[in-house]
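Notes follow once the structure below has been shown.
Proteins get letters first, then strands, A, B, ... in listed order; numbering begins at 1 in each.
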Amino acid sequence: MGDEFSVKIPKTLYYRIVRLANELEVDDVQSFIIDLLREAVSRYEEELGSSVVLSEEEIEKIKDRLKSLGYLD
Amino acid sequence: MVSRPHGGRLIERVIPEEKIEDILMEKEEFYIYSVDDVRYRDLENLGYGVYSPLNGFIDSVELESILNNMRLTNDLPWTIPIVLDVDESFKSEVGVGDTVLLKYRDTPVALLHVDEVYSFDKREYVKKVFKTDDPNHPGVAEVYGYDDYLVSGPIEYIPLYHDGFEDYFLRPKETRLLFKMRGWKSIVAFQTRNVPHMGHEYVQKTALTFVDGLFINPVLGRKKKGDFKDEVILEAYKTLIKHYYPKNSVVLSIVRYGMRYAGPREAIHHAIMRKNFGATHFVIGRDHAGVGSYYGRYEAQEIFQEFPDLGITPLFFREFFYCRGCGGMSNERICPHPDDMRIYISGTKIRSSLMSGRRPPSEMMRPEVADRIMELGDPFVK
């Protein structure tokens, strides 16, 4: 494994993960947490691909439309 | 702060203008499927994020979860299935992974990336969503008329179909920015399918007293004979706002949506839609989204107790009337006077007055609003 970071997580969350790992009969909790994070990150990245984050240009475009329709002075 | 979108992110699924031409050139390569009015409106709402966090039509697992738990599989409240029914030939010709071009009235309106084609139990569906399997219920009748399969998958909306009301439609990303620019931290949304009468005005102004802004959000959609025409509803509201509302406290903008008439479940759905537009509060009146006598008068209010995690605050209102004893609009919770002092607002009376070219009583409708409606000729759908 390459460079690593340590991240603190709440004890309660850690025990939930351990319990889940036991139920799934996973021995290595450390690897299990990494897998969970990878999965969550991928899912969020995928969702972000279609979520709305407005650029400055888009904001200006929206403002122009709102002005032209009389919603903004 | 405007509301966080449902599920945390506003999901937009609109094909950029520059790519539409490429799709149209390749259209012969796609399986083409026509959708009806309600499904088209669902596509628009999926496309612009009104149905966030959904990114397309739901699969069999989500359907089961919505029917049984009124939540998505990730535990997020969701009460109305957003589905697309397809026929036998679709099922035999389209496979998982295919892309389908959806058309509405011969106009390409979306790409659908197929994840699953599945059968479903219509009776179970209607009993869960509508709390009845009576085919006289319009929502039940519609589902019974569905083809036998449902298709799921993410969509990409193609904004090519125009109905003439484009200038009245603000997308969620636009309303959210508008509310922010006006400095509104609390916004109450009001849904309507009718011209405004004094009862509506009283509810809206009472709600507005406690928040920064009022978002009047008429639903434009399929109509039945005798309903007010969409353009009449909009003109009536513009007139009311011009004469009786503080200019910078109101936003009037439409949403296109096919009513299901699912009463309590649909009330939650309507609240979620308004949350995605940025509203923090939502008005729920008597028999919201109901039809006939299928739901209790205030059942659509009671269901909110089951969703403390909805992320938008419902404001419950009773029926309003004009009370001669109070000298103004009132309701049964605050008016001490007997029934014979009350003038109940009657849609039938308002209609018959307008049809015969007379203003309805001023206790029921503002004269300016009545005059504007009558100027527009026949205000009703034939």
Side-chain angles (χ1 to χ4, degrees), chain A residues 4-73, chain B residues 4-17 46-56 74 76 113 154-157 165-184 213 215-216 234 238 241-242 247-254 276-278:
Chain A
E4 290 171 351
F5 281 100
S6 294
V7 178
K8 286 184 178 172
I9 62 171
K11 218 185 254 182
T12 49
L13 177 62
Y14 177 75
Y15 288 129
R16 273 177 72 191
I17 294 170
V18 170
R19 204 163 48 241
L20 189 61
N22 288 339
E23 278 175 27
L24 294 170
E25 295 177 352
V26 177
D27 295 332
D28 185 351
V29 174
Q30 165 82 29
S31 304
F32 183 58
I33 291 173
I34 292 171
D35 285 345
L36 285 177
L37 284 172
R38 282 204 179 109
E39 205 177 297
V41 169
S42 302
R43 202 176 59 236
Y44 274 97
E45 282 173 346
E46 199 179 305
E47 281 178 17
L48 266 176
S50 55
S51 77
V52 179
V53 181
L54 297 176
S55 65
E56 279 304 313
E57 197 189 332
E58 282 173 304
I59 290 173
E60 286 311 310
K61 229 170 133 179
I62 292 174
K63 279 185 191 170
D64 288 345
R65 181 167 189 255
L66 293 172
K67 277 179 194 162
S68 74
L69 295 176
Y71 287 103
L72 283 178
D73 294 328
Chain B
R4 284 184 74 222
H6 200 51
R9 293 186 189 80
L10 196 63
I11 306 293
E12 248 203 10
R13 306 279 302 177
V14 184
I15 293 182
E17 262 176 51
L46 287 165
Y48 288 126
V50 181
Y51 291 167
S52 293
L54 298 193
N55 64 1
N74 65 5
L76 202 61
H113 305 285
I155 64 104
E156 292 177 273
Y157 180 65
F165 290 104
E166 286 69 33
D167 286 352
Y168 289 98
F169 177 58
L170 297 182
R171 297 146 187 84
K173 69 180 178 187
E174 293 172 325
T175 52
R176 303 176 79 81
L177 184 66
L178 176 59
F179 298 157
K180 224 166 153 183
M181 291 189 67
R182 287 197 175 180
W184 294 357
F215 176 44
I216 300 174
L234 288 168
K238 279 163 69 179
I241 292 167
K242 183 180 158 197
K247 189 182 170 218
N248 287 320
S249 297
V250 186
V251 165
L252 171 68
S253 165
I254 62 160
N276 283 327
F277 279 109

Part of Leu170(B) within contact of chain A (heavy atom distance under 4.5 Å):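 Both backbone and side chain of Leu170(B) come within 4.5 Å of chain A.
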Taking side chain as everything from C-beta outward and backbone as N, CA, C, O, which of these in Ser52(B) sits under 4.5 Å from a heavy atom of chain A? Side chain, backbone, both or neither.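 When you check distances to chain A, no heavy atom of Ser52(B) falls under 4.5 Å.
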Those residues of residues 10-29 of chain A, ordered by number, that approach chain B below 4.5 Å (heavy atom to heavy atom):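 Near chain B, by residue number: none.
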Quick one: which residues of residues 66-73 of chain A reach chain B at under 4.5 angstrom, heavy atoms only?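 So the qualifying residues are Leu66(A), Leu69(A), Tyr71(A), Leu72(A), Asp73(A).
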is_close_aromatic(Phe277(B), Phe179(B)), centroid dist under 6.0 Å: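 Centroid distance Phe277(B)-Phe179(B): not below 6.0 Å, so no.
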With sequence neighbours left out, what residues match Glu58(A) under salt bridge (Lys or Arg N to Asp or Glu O under 4.0 Å)?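 Testing Glu58(A) for salt bridge (Lys or Arg N to Asp or Glu O under 4.0 Å), a comparison that skips the adjacent residues, returns none.
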Identify, with sequence neighbours excluded, every residue that meets side chain to side chain donor-acceptor pair (under 3.5 Å) alongside Glu174(B).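 Per chain and number, Glu174(B) pairs via side chain to side chain donor-acceptor pair (under 3.5 Å) with Arg65(A), Arg171(B).
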Do other residues, nucleotides or ligands put more than 12 heavy atoms under 6.0 Å from Arg4(B) CZ?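 Not more than 12 within 6.0 Å, no.
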Has Glu57(A) got more than 12 heavy atoms of other residues, nucleotides or ligands less than 6.0 Å from its CD?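 No.
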If you define the side chain from C-beta out and look only at heavy atoms, does anything of Trp184(B) sit under 4.5 Å from Val251(B)?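 Yes. Closest side-chain heavy atoms under 4.5 Å.
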Side-chain heavy-atom pair Ile254(B), Leu234(B) within 4.5 angstrom cut-off: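 Yes, close enough: below the 4.5 Å cut-off.
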Nearest-0.5 Å distance that lies between atom CD1 in Ile62(A) and atom CG in Leu177(B):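 Atom-to-atom, Ile62(A):CD1 and Leu177(B):CG are 5.5 Å apart.
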Least distance between heavy atoms, Val250(B) atom then Arg182(B) atom: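 Closest approach of Val250(B) to Arg182(B): O-NH1, 3.0 Å.
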Any donor-acceptor N/O pair, Arg13(B) side chain to Tyr157(B) backbone, under 3.5 Å: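 Absent.
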